[in-house]
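These notes are about the structure you will find just below.
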Amino acid sequence: MTFKSIIDEIENNLYKILNDLNVDKIFFSVEPAKQGFGDVSSNISFLLAKKLKQSPQEISNTLSKKYNQFNHTLVSKVEPHPSGYLNFFANWEKLNQLILSESNLDEFGCVDLGKNSTIVVEHTSVNPNKALHIGHIRNIIVGDTVSRILKKSNYKVNVLNYVDDSGLQVADLLVGFKFLGFSQTPPKGKKFDHYCGDDVYVQTTKKYEQDSSLEDIRKKVLEELEDENSDTAQLADKITGKVLENQLETCWNLEVNYDCLNYESQIIRSGLWAKIFEKLKEMNLITFEKEGKNSGCWVIPGNGKEEDKVLVRSNGTATYIAKDIPYAAWKLGLLEDPFNYKKYPKIQKESQTLWQTTLGNSTETKQNFAGEKVVTVIDSRQARLQKIITTLMDNFKSIEGAYVHLGYESVTLSGDTAKKLGIDTDGKQAQMSGRKGLYVNADSVYELLKNKTITETKKRNPEMSLSEIEKIAHQISVGTLRYEMIKQDLDKIITFDLEKSLSLEGDTAPYIQYTHARASRIIEKSKQSPSLDIDFSLLIDQNELDLVREIGLFDIQVHDAGKNLSPKVISRYCHDLAVAFNSFYENVKVLEINDIALEKARLCLVYSFKITLERALNLLGITAPNKM
RNA sequence: GGGCCUAUAGCUCAGCAUGGAUAGAGUGUUGGACUUCUAAUCCAAUGGUCAAGGGAUCGAAGCCCUUUGGGCCCGCCA
């Protein structure tokens, strides 16, 4: 049991008291208290004030007296506060034991939101024509972190990456290679994805402005892409395959894995669209326009003042959104699966198998990556389209809310950083643009961070081997980048600045990782080994109790994060844990205190902190070194 | 014109879902703490008409309405 046990005990008893007083059920709060107001607080008296025609303070008085008549093992004192709040003080000897014991279990922090059901998380989904930039990284890290939190919340999670390998952006790349004479070999030392994005794509799109005849070529290339046997499609497969591999390397380096890759080209060739189209017609969800501006088109009628959305053009071809509908339905398992599955040839971290769809034969057994629920991570500029898909899916599937669009605001570049990249915005932040070449590559951010952290680590550990320094620097760099991407709410724009965003101090991953290193060193240096066979009543210092309490809040935070699909909840929790530990570290000595029993008790607490922080950081995809 | 998001300390952000106590962090500035379990740390000072106005409430940063500033979206492009 965790801190939640004392909350549950109080809640139960308060309900019993209400019953005694013959008061209707009300929903009061019982929450961890603010600093200086005991350990747990309830607002129950405010809510009763009107009903009982008494002041909150009087009610708190009554309730605190009554509370003592009920069974309570975890509460040592109830105190009515003059403000009206009812404050509870914990029996820390018991709570210490409960929380510290529980924290040693592997399943500590697990909650049961999913009831072992299956959920799909789709994220990344970048056109395979360029390297990943810092904006894509927000999507990837949000998606990966949410996946990890959902796993901890007892969902079986299938992580998908949709590869847009047949759109305009790919066609543009092919125009560059086939007609503008770009070599298929990048300059020495440059990754192929960087070369495609930085050079071929940017320069090709620039040429469109100068030479309008290229537009026809582009159109032709796009058409040829549809025929999988054409030379163009074969070349596209080769090039997008290489870019995709480079992109995946970037993701894997950031500790992000996937379960399956879905290719847009295959969705199109699979015939899923025709099936969904029939279904939409049968269910009367779309209409054929006989007049007006959309004459001759199949449209999804807009709600109220919303514009109708064209699904099938008057020439019979399907629009962009028409590719997303079958994919959404496929993810929810609403369609017969037309795909076979084969293994992606490269190995992911922890040797997790990465599958990919194929329309050809496969010797592998059929896989199933559909879920009862689906979370699609796409930035909120696509909110309108996603809303249409969500509504359609609600019509298809009986469980309401089965399809969720998890939106987030974009990453922009600070005025300074944009200027460094050659665009003067008058100090204002700037939207990134792949076409204009205005972006910061994820790989280069990682490299910058790594060089910085190598220098810092060397400074502090001059005797350390280079390989060890590299390993630590990697952990800190990945941590820093990942933490930056999720520490604020999804609806806040992240303004990325090459200087400021790479800080290693303050509310950053290294701050948190550092507390882990401190804890590790204490454990390493102690002659005792951490154990639960200790006298729990020895932990009485406020700094100790605050730390125990913070550890005990883990499952409550996971529940919050999982329920609201909110990664930042966990990043804040990690930060709070670290703050509590630093405060403990400054004020409470563990080693050389000439009291073995006390050292053992504190060591148990330090160990408990260390493994809880590791588990919480693991939800963020961050590992903490033992030394740094 | 319609829709979505946003406004809290000089700057970057928590808190808002579920209204209640003294509105919290980081950063910045100023000062202090390393012969100590690692100073990527800690402590102190500084800093707020919670965008503005109205409403409902015993009580609003939070709920409702209006206004304003900022961002994004609204193609038979993807």
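In what follows, chains are A, B, ... by sequence order, proteins preceding strands, each numbered from 1.
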Quickly work out the [X] [atom1] to [N] [atom2] distance and round it to whole Å.
{"X": "Met432(A)", "N": "rC72(B)", "atom1": "CE", "atom2": "C1'", "value": "14 Å"}
{"X": "Phe584(A)", "N": "rU41(B)", "atom1": "CZ", "atom2": "P", "value": "19 Å"}
{"X": "Glu499(A)", "N": "rU27(B)", "atom1": "CD", "atom2": "P", "value": "17 Å"}
{"X": "Glu456(A)", "N": "rA40(B)", "atom1": "CD", "atom2": "P", "value": "9 Å"}
{"X": "Lys50(A)", "N": "rA56(B)", "atom1": "NZ", "atom2": "P", "value": "13 Å"}
{"X": "Lys458(A)", "N": "rA40(B)", "atom1": "NZ", "atom2": "P", "value": "18 Å"}
{"X": "Leu168(A)", "N": "rC76(B)", "atom1": "CG", "atom2": "C1'", "value": "14 Å"}
{"X": "Asn87(A)", "N": "rA21(B)", "atom1": "CG", "atom2": "C1'", "value": "8 Å"}

Considering just the side-chain nitrogens and oxygens of [X], establish if one lies under 4.0 Å of OP1 or OP2 belonging to [N].
{"X": "Asn582(A)", "N": "rC42(B)", "answer": "yes"}
{"X": "Arg313(A)", "N": "rA78(B)", "answer": "yes"}
{"X": "Tyr573(A)", "N": "rA14(B)", "answer": "no"}
{"X": "Gln169(A)", "N": "rA78(B)", "answer": "no"}
{"X": "Arg518(A)", "N": "rA39(B)", "answer": "yes"}

For a quick test of your reading: what N or O donor-acceptor pairs under 3.5 Å do the side chains of residues 592-599 of chain A make, sequence neighbours left out?
residue: Asp595(A); atom: OD1; partner: Ala597(A); partner atom: N; Å: 3.3
residue: Asp595(A); atom: OD1; partner: Leu598(A); partner atom: N; Å: 3.1
residue: Glu599(A); atom: OE2; partner: Ser526(A); partner atom: OG; Å: 2.7

Which of the following nucleotides, [options], is nearest to the side chain of [X]?
{"X": "Pro510(A)", "options": "rA21(B), rA40(B), rC42(B)", "result": "rA40(B)"}
{"X": "Met628(A)", "options": "rC72(B), rG71(B), rA40(B)", "result": "rA40(B)"}
{"X": "Glu505(A)", "options": "rC77(B), rA40(B), rA21(B)", "result": "rA40(B)"}
{"X": "Tyr320(A)", "options": "rA78(B), rC37(B), rA17(B)", "result": "rA78(B)"}
{"X": "Lys568(A)", "options": "rA21(B), rC76(B), rA14(B)", "result": "rA14(B)"}
{"X": "Asn294(A)", "options": "rC42(B), rG15(B), rC76(B)", "result": "rC76(B)"}

Identify whether any heavy atom of [X] sits under 4.0 Å from a base atom; if not, whether one sits that close to sugar-phosphate; answer base, sugar-phosphate or nothing.
{"X": "Tyr85(A)", "result": "base"}
{"X": "Leu504(A)", "result": "base"}
{"X": "Arg521(A)", "result": "base"}
{"X": "Val170(A)", "result": "nothing"}
{"X": "Thr455(A)", "result": "nothing"}
{"X": "Tyr585(A)", "result": "base"}
{"X": "Ser583(A)", "result": "nothing"}
{"X": "Leu385(A)", "result": "base"}
{"X": "Ile522(A)", "result": "base"}
{"X": "Gln429(A)", "result": "nothing"}
{"X": "Thr495(A)", "result": "nothing"}
{"X": "Lys500(A)", "result": "nothing"}
{"X": "Lys525(A)", "result": "sugar-phosphate"}

Inset, instruction - Decide whether Asn43(A) and Tyr85(A) meet the rule of one side-chain donor and one side-chain acceptor closer than 3.5 Å. - result: no
Legend entry - Short side-chain donor-acceptor distance under 3.5 Å, Asn129(A) and Asn127(A): no
Legend entry - Reported CD1-to-CD1 distance for the pair Ile300(A) and Ile325(A), which is rounded to 0.5 angstrom: 4.5 Å
Under 3.5 Å, is there an N or O donor on one side and an acceptor on the other linking the side chain of [X] and the base of [N]?
{"X": "Thr453(A)", "N": "rA40(B)", "answer": "no"}
{"X": "Thr319(A)", "N": "rA78(B)", "answer": "no"}
{"X": "Arg460(A)", "N": "rA40(B)", "answer": "yes"}

Legend entry - Between Tyr483(A) and Tyr511(A), ring centroids under 6.0 Å: no
Inset, instruction - Taking the six-membered ring of Tyr208(A) (Phe, Tyr or Trp), confirm whether the NZ or CZ of Arg218(A) is under 6.0 Å from its centre and within 45° of its axis. - result: yes
State, yes or no, whether a side-chain contact exists between [X] and [Y] at a heavy-atom distance under 4.5 Å.
{"X": "Pro567(A)", "Y": "Val146(A)", "value": "yes"}
{"X": "Thr319(A)", "Y": "Lys309(A)", "value": "no"}
{"X": "Gln513(A)", "Y": "Pro625(A)", "value": "yes"}
{"X": "Pro32(A)", "Y": "Ile7(A)", "value": "yes"}
{"X": "Ser42(A)", "Y": "Ile10(A)", "value": "no"}

Legend entry - Taking every non-hydrogen atom, the tightest pair across Gly84(A) and Ser60(A): O-OG, 2.6 Å
Inset, instruction - Identify all stems in which RNA chain B takes part, counting only runs of at least 3 consecutive pairs (Watson-Crick or G-U wobble, each distance under 3.5 Å), and give each as one range with another, ordered by first number. - result: B:1-7 with B:68-74, B:10-13 with B:24-27, B:28-33 with B:41-46, B:51-55 with B:63-67
Inset, instruction - May I ask you to say whether Glu306(A) pairs ionically with Lys387(A), meaning some side-chain N is under 4.0 Å from a carboxylate O? - result: yes
Legend entry - Sequence-aligned protein contact record of nucleotides 2-10 of chain B, with B where the base is within under 4.0 Å of a protein heavy atom and S where only the sugar-phosphate is: B--SSS---
